[in-house]
Amino acid sequence: MIHRLGIAWLAAPACIFALLVFALPLALLLVESLRGPQGWTLAGYATFLGSGYSWQVTGRTLRLAVLTTAICLVIGYPAAFALARTRGWLQSLLVAALLLPLSLSVIVKAFGWTVLLRSNGIVNRLLMASGLTDAPLRLLFTETGLLIGITNIFLPFMVLPIFTVIRQIDPRLTDAAATLGGGPFYSFSRVTVPLTLPGVVAGGTLVFSMSIAAYVIPNLLMGDRYQTLSTTIATSFLYLQDPQRGSVAGVLLLLLSLLVVVGSVVLARRARAAP
Amino acid sequence: MTRPFGLALAWAMLAGSVVFLLAPLVVTIGVSVSPSAVFQLPDGEFSWRWYARVA
């Protein structure tokens, strides 16, 4: 018992740090969202939720996060699968190639995408050279361009957790499924996918929670007219001098993120528990 | 979906992901040696002028 208490005390500094750095600012945000000129009020929430524009912004934010997570999963899962099949220096080189972009500022990457996606940029030149399109496509300041840019930022956060989980799977399990008559698709869907679910949930949670709160990339690749909850928060605090509106948007963003993250963890647990 | 096809697809995705992830980095390096005052890739000519300005 004393030994356990001793171990618990070791966690105290981290808990105090988390309380001060994470919980306290969130509590202050919640207080600010409920504070009005005449005391406590839900007027901020009523105003925000009563506006059609706010619902539009919330829907746009959710759509962006869901699409980013889905695209990252579709690209990241097979990429992680192939990465886990590599060995030695090639694996180290590929992991380094995945980690290297994380060392570069999001702002620099966003400006890099403005060069790539402009009408005379490399992407359009490649599309026209391959015959896929006759005229340059408008990619910059469109949702397609934004999705390309945001996927580029968050893809490593999907690949790396899935890769870590796949690497731990015993390859003999799929061999055993094949020995028992399971075809490649059957053994993949009934053996590999359930075993990689924790990695998918971890990657999905990371990408979703970061993309729902993305601010720099939507701002640089779409401009001011494309409002998400994050840009709404910034606009409310910095330009409109309306901290209550910003706090309400912040609390709603946090709740949405929490709801999806907790929901996905619960679903993954149920899926793993299912026979 | 056969196993070789699945693996080939996975390899293609990995190679594509690496190119996709490194593309803005390569572009940034390219733009940094462009003599142009506009934010664009060098058009045949290279210059260290931006590095000289920072140094």
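We name chains A, B, ... by the order of the sequence lines, and we start the count at 1 in each one.
Remark: A:N120 CG is packed, more than 12 non-hydrogen atoms of other residues, nucleotides or ligands lying under 6.0 Å away. Residue A:L258 places its CG atom among more than 12 non-hydrogen atoms of other residues, nucleotides or ligands, all under 6.0 Å distant. Around atom CH2 of B:W50, more than 12 heavy atoms belonging to other residues, nucleotides or ligands sit under 6.0 Å away. Annotation: B:F39, atom CZ; neighbour count of heavy atoms from other residues, nucleotides and ligands within 6.0 Å is above 12.
With hydrogens and angles ignored, the 3.5 Å screen pairs a side-chain donor or acceptor of A:N152 with a backbone N or O of B:F20.
Of the two parts of B:A12, neither the backbone nor the side chain holds a non-hydrogen atom closer than 4.5 Å to a non-hydrogen atom of chain A.
Chain B is approached within less than 4.5 Å, heavy atom to heavy atom, by A:V74, A:I75, A:P78, A:A79 from residues 71-79 of chain A, ordered by number. Inspection of non-hydrogen atoms places A:I148 of residues 123-150 of chain A under 4.5 Å from chain B.
Taken from NZ in A:K109 to OG1 in B:T28, the straight-line distance is 9.5 Å, to the nearest 0.5 Å. Between the CG atom in A:L83 and the OG atom in B:S17 there is a gap of 9.5 Å [rounded to 0.5 Å]. In this structure, CZ on A:F81 lies 6.5 Å from CG on B:L7, to the nearest 0.5 angstrom.
Note on A:V108, A:L100, A:T114, A:L155: by heavy-atom pairs under 4.5 Å with chain B, the leading option is A:L155. Comparing B:L21, B:V27, B:L25, B:V18 by heavy-atom pairs within less than 4.5 Å of chain A, the highest count is held by B:L21.
In terms of the side chain to side chain donor-acceptor pair (under 3.5 Å) criterion, A:Y239 has no residue partners (sequence neighbours excluded). Scanning for ring pair (Phe, Tyr, Trp, His ring centres under 6.0 Å) contacts around A:Y226 gives an empty result, with sequence neighbours left out.
Looking at heavy atoms from C-beta onward, B:L41 lies in side-chain contact with A:I122 at the 4.5 angstrom threshold.
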